[in-house]
Amino acid sequence: QVQLQESGPGLVKPSQTLSLACTVSGESITNGNYAWSWIRQPPGKGLEWMGVITSSGSTAYSPSLKSRTSISSDTSKNMFSLQLSSVTPEDTAVYYCARISYWIAGPGMYNYWGQGTQVTVSS
């Protein structure tokens, strides 16, 4: 029922801004039971949490990415977005959006994920 879908360019040049959108269906992003997050996985590496936006629009970011990361939402379109500025080839990864449930304790709180989208940073 709940589905998340990432979208955006698959190729970004170094120093540019990476912009992705996550479209949510089956649940309103304004539902206070949930928050909405971005996670990425570079090739050969583990998952890296990037940040989150709540139903009311509050945000939090990974300390290592905070200076370059912005997450926003568009409630009229039931979607939220990621912007990562000043990208380098090290930002090449599969980028996921995921829902966080406040009613689940532990890692299982990320109980709905998009399929992920590959973003390559290269000139």
Please name the pair of heavy atoms, one in Trp113 and one in Ala98, separated by the smallest distance, quoted to 0.1 Å.
CD2-CB, 3.8 Å
So which atom in Ala93 and which in Pro43 form the shortest heavy-atom distance, rounded to 0.1 Å?
CA-CD, 4.3 Å
What is the distance from atom CD of Gln5 to atom CD of Gln115, rounded to the nearest 0.5 Å?
4.5 Å
Looking only at non-hydrogen atoms, find the nearest pair between Gly114 and Glu6 and report the distance.
CA-OE2, 3.3 Å
Are Val87 and Met50 linked, directly or through intermediate hydrophobic residues, by side-chain heavy-atom contacts shorter than 4.5 Å (ILVMFWY only)?
yes
Nearest-0.5 Å distance, OG of residue Ser101 to CG of residue Asn31:
9.5 Å
Flag side-chain contact, heavy atom, 4.5 Å: Thr69 against Trp38
no
Just checking, Arg99 and Tyr112: is the charged tip under 6.0 Å from the six-membered ring centre and within 45° of the axis?
no
Give a yes or no on whether Leu20 and Val12 share a hydrophobic cluster (residues Ile, Leu, Val, Met, Phe, Trp, Tyr; joining criterion: side-chain heavy atoms under 4.5 Å apart).
yes
On the 0 to 90° scale, with breaks at 30° and 60°, tag the Phe80-Trp36 ring pair as parallel, tilted or perpendicular.
tilted
Is any side-chain heavy atom of Tyr110 less than 4.5 Å from a side-chain heavy atom of Ser37?
yes
Do the side-chain N and O atoms of Thr30 and Ser28 include a donor-acceptor pair separated by under 3.5 angstrom?
yes
Does a side-chain heavy-atom distance below 4.5 Å link Ser85 with Thr17?
yes
Got a second to check how far Ile71's CD1 is from Cys97's SG, nearest 0.5 Å?
10.5 Å
Is there a side-chain contact between Asp91 and Arg40 (heavy atoms, below 4.5 Å)?
yes
Looking at Val121, is its backbone amide N or carbonyl O close enough to the side chain of Thr92 to form a donor-acceptor pair, meaning the two atoms are under 3.5 Å apart?
yes
Can you tell me how far apart CG (Leu65) and CG (Leu82) are? Round to the nearest 0.5 Å.
9.0 Å
Is there a donor-acceptor pair closer than 3.5 Å between any side-chain N or O of Asn78 and the backbone N or O of Glu27?
yes
Using 0.5 Å steps for rounding, measure from the CD1 atom of Ile29 to the NZ atom of Lys77.
11.5 Å
Which heavy atom in Gly46 sits nearest to a heavy atom in Pro42, and how many Å separate them?
O-CD, 3.6 Å
Group every Ile, Leu, Val, Met, Phe, Trp and Tyr by side-chain heavy-atom contacts under 4.5 Å, then state whether Leu47 and Ile104 land in the same group.
yes
Would the distance check show the side chain of Thr54 and the main-chain N or O of Ser56 forming a donor-acceptor pair, the cut-off being under 3.5 Å?
yes
Report yes or no: do Tyr34 and Val52 belong to one cluster of Ile/Leu/Val/Met/Phe/Trp/Tyr joined by side chain heavy-atom distances under 4.5 Å?
no
What's the shortest heavy-atom distance between Ser123 and Pro14, and which atoms?
N-CD, 3.6 Å
Any non-hydrogen side-chain atom of Met79 less than 4.5 Å from a side-chain atom of Ser7?
no
Are Leu4 and Ile100 linked, directly or through other ILVMFWY residues, by side chains that come within less than 4.5 angstrom of each other?
no
Once you round to the nearest 0.5 Å, how far does OH of Tyr95 lie from CD of Glu48?
8.0 Å
Kindly give the heavy-atom pair with the smallest separation between Trp49 and Ala60, and that separation in Å.
CH2-O, 3.9 Å
